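These notes are about the structure you will find just below.
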Amino acid sequence: MSYNVSFISLGCAKNQVNCEQMMALCQAAGYNIQVAPDGADVVVVNTCGFLASACEEAIDNILEMAELKKAGQIKKILVTGCMTQRYKEDVLKELPEVDGILGTGSYDDIAGAIVEVMEKGLRPCHIGNIHTANQSGQRILSTPPWYAYLRIAEGCDNHCAFCVIPSLRGKYRSRPMSELLDEAAELASAGVKELIVIAQDITRYGTDLNGEHQLAKLLRELCKLDFHWIRLHYLYPDQIDDELIDTIAREPKIVKYLDIPIQHCNDQILKAMNRRDTKASLTELLGKLRARIPGLVLRTSIITGLPYEDEDAFEELCAFLREVHIERAGVFPFSPEDGTRAALMDHVDTEEAQRRAELLVDVQSDIIDDYNDSLLGSEREVLCEGFDAQAQMFFGRSYAESTDIDGRIWFTADAEVAPGAFVNVRLTGTMDGELVGEMA
């Protein structure tokens with residue numbers, strides 16, 4: 001039978017790719033994919049389980065769907081992804097509204113699970129092997145037509161003390177390069193202009209296949225395809241080598257924007273968190289990158305309140321950010337997650353971690369303001385993403401802004417600018433921390 005299926009994807013871009021693959025599997029099974037949940041036979045909530053806050057968001061979405069189910073607007077609810085992998089028993093026990101679950105090793109079972117709940121009256125629980133789960137398959141893109149994600153690997157072998165990802169996604173597994181190039185070629189043929197290369201750690205790409213770092217080689221091959229921009233998320237600092245730096249510097253399609261999560265700069269904290277960096281090595285790397293990649297914009301993630309972060313270590317972190325001037329930073333208070341080593345270590349309370357995060361955001365705001373001011377009067381190539389009727393302005397992103405996580409560039413134009421078009425914008429001011437300009 002044919003069923004109407006709606007998907008809700010929460011969390012990171014890697015989750016979104018899983019959701020796109022599940023949609024394609026359902027379509028191949030003859031099901032109809034609809035955007036809004038109202039009227040669906042089955043709503044699939046694809047969850048994030050990285051942090052307790054992500055699980056709370058997932059539960060809120062599930063309960064919202066449960067209300068629609070109670071009102072007769074939907075029939076069944078399936079929950080997939082990281083939260084079900086992490087808390088499968090709790091989901092089944094505490095959320096009776098849920099009609100079945102799939103873990104991160106069982107995305108391929110989605111079409112069969114729909115049959116189980118719709119035709120067989122079962123409450124499926126598919127928890128497959130997270131270390132061998134299939135990464136490939138067709139996708140129905142859920143991003144705007146001008147950008148798409150290319151997930152080059154699954155899992156993680158870094159085992160940071162604060163992180164549950166290895167237990168949710170398994171060991172690091174690179175996808176074959178030929179398979180990635182075929183998928184990328186399809187995306188380019190479909191009109192994708194910005195390819196965003198993703199994995200939990202893209203810098204280790206290929207090391208599990210033959211012991212060699214192959215990211216630079218992969219990027220050179222991707223640059224031969226018809227993309228305008230190629231963007232990289234995430235590069236772990238201890239694995240960035242000279243070949244990769246040279247490739248990024250030489251290839252004009254690779255945007256000079258690197259997302260390098262450092263989490264902290266204090267040596268004791270880095271060691272306790274099983275990070276393989278030191279403050280000295282981070283400072284040296286960031287200096288080398290700026291020297292060899294002109295116009296480089298850096299993004300990172302920082303955690304405040306980690307174990308061993310006393311006031312001196314926090315002040316050291318603030319001073320470090322002021323010194324290295326990382327243009328973009330996501331700042332998060334430490335969350336002691338069940339099953340992690342860091343949760344068992346002494347740390348400041350949640351309120352203090354949050355206070356420090358807010359102080360660090362203030363530090364970062366000054367850095368962003370200085371960066372924006374330095375750009376006024378210059379021109380930037382901007383990918384237009386739409387028009388805001390209230391502001392009466394177009395908006396988009398330059399190479400220095402990644403989708404969803406960074407700000408926008410707002411601009412005026414004398415003529416209509418289609419979403420997905422690249423235009424040159426002269427930057428003339430700022431508005432609420434974002435750049436404003438006019439089409440040149």
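It should be emphasised that the depicted structure is a prediction, and the values quoted were computed from it without experimental measurement.
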So, D404 and R397, do they make that salt bridge, N to O below 4.0 Å?
no
If the threshold is 4.0 Å, N to carboxylate O, is there a salt bridge linking R175 and E154?
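Answer for the salt bridge query: no.
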To the nearest 0.5 Å, how far apart are SG in C125 and CG in D109?
11.0 Å
I need the H126 NE2 to T104 OG1 distance, nearest 0.5 Å.
14.0 Å
Evaluate salt bridge (Lys or Arg N to Asp or Glu O under 4.0 Å) for E323 paired with K279, printing each intermediate quantity in order.
CA-CA 12 Å; E323 175 189 348; K279 182 179 179 181; 5.5 Å; no
Under the salt bridge (Lys or Arg N to Asp or Glu O under 4.0 Å) rule, what do D242 and R292 come out as? Steps first, then yes or no, please.
CA-CA 10 Å; D242 287 335; R292 291 169 59 177; 2.9 Å; yes
Hey, does the side chain of [X] reach the backbone of [Y] with a donor-acceptor pair shorter than 3.5 angstrom?
{"X": "Q364", "Y": "I326", "answer": "yes"}
{"X": "T304", "Y": "A353", "answer": "yes"}
{"X": "H264", "Y": "L270", "answer": "no"}
{"X": "K256", "Y": "I254", "answer": "yes"}

Smallest separation among heavy atoms of L25 and A111, with atom names:
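Result for this residue pair: O-CB, 4.3 Å.
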For the pair F422 and W229, name the ring-plane relationship: parallel under 30°, tilted 30 to 60°, perpendicular over 60°.
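Correct class here is perpendicular.
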Is the gap between the ring centers of Y3 and Y31 under 6.0 Å?
yes
Going through the distances and angles, do D157 and R204 end up as a salt bridge (Lys or Arg N to Asp or Glu O under 4.0 Å)?
CA-CA 9 Å; D157 288 344; R204 278 178 170 74; over 6 Å; no
Taking side chain as C-beta onward, heavy atoms only, is [X] less than 4.5 Å from [Y]?
{"X": "E309", "Y": "H347", "result": "no"}
{"X": "S335", "Y": "F162", "result": "no"}
{"X": "I230", "Y": "E251", "result": "no"}
{"X": "N15", "Y": "T47", "result": "no"}
{"X": "P307", "Y": "D346", "result": "no"}
{"X": "L92", "Y": "R123", "result": "yes"}
{"X": "R408", "Y": "E385", "result": "no"}
{"X": "L215", "Y": "I152", "result": "yes"}

For N18 and N46: C-alpha separation, side-chain torsions, deciding distance, then whether side-chain hydrogen bond (donor to acceptor under 3.5 Å, both in side chains) applies.
CA-CA 8 Å; N18 289 131; N46 191 35; 5.3 Å; no
Between T207 and E212: side-chain donor-acceptor atoms closer than 3.5 Å
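Distance-only check fails for T207 and E212.
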Answer yes if the side chains of S136 and E179 hold a donor-acceptor pair under 3.5 Å, and no otherwise.
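On atom types as modelled, these side chains qualify, holding a pair under 3.5 Å.
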Look at atom CD of E97 and say whether more than 12 heavy atoms of other residues, nucleotides or ligands are closer to it than 6.0 Å.
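Count over threshold, so yes.
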When R139 is tested against each of Q16, E183, Q21 for side chain to side chain donor-acceptor pair (under 3.5 Å), which residue passes?
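Single pass found, and it is E183.
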Could you walk me through whether E243 and K217 satisfy the salt bridge (Lys or Arg N to Asp or Glu O under 4.0 Å) test, starting with their C-alpha distance in whole Å, then the side-chain angles of each, then the deciding distance to 0.1 Å, before giving a yes or no?
CA-CA 9 Å; E243 181 190 12; K217 180 181 178 182; over 6 Å; no
For K224, which residues count as a salt bridge (charged side-chain N to carboxylate O under 4.0 Å, His left out) partner, sequence neighbours excluded?
E221
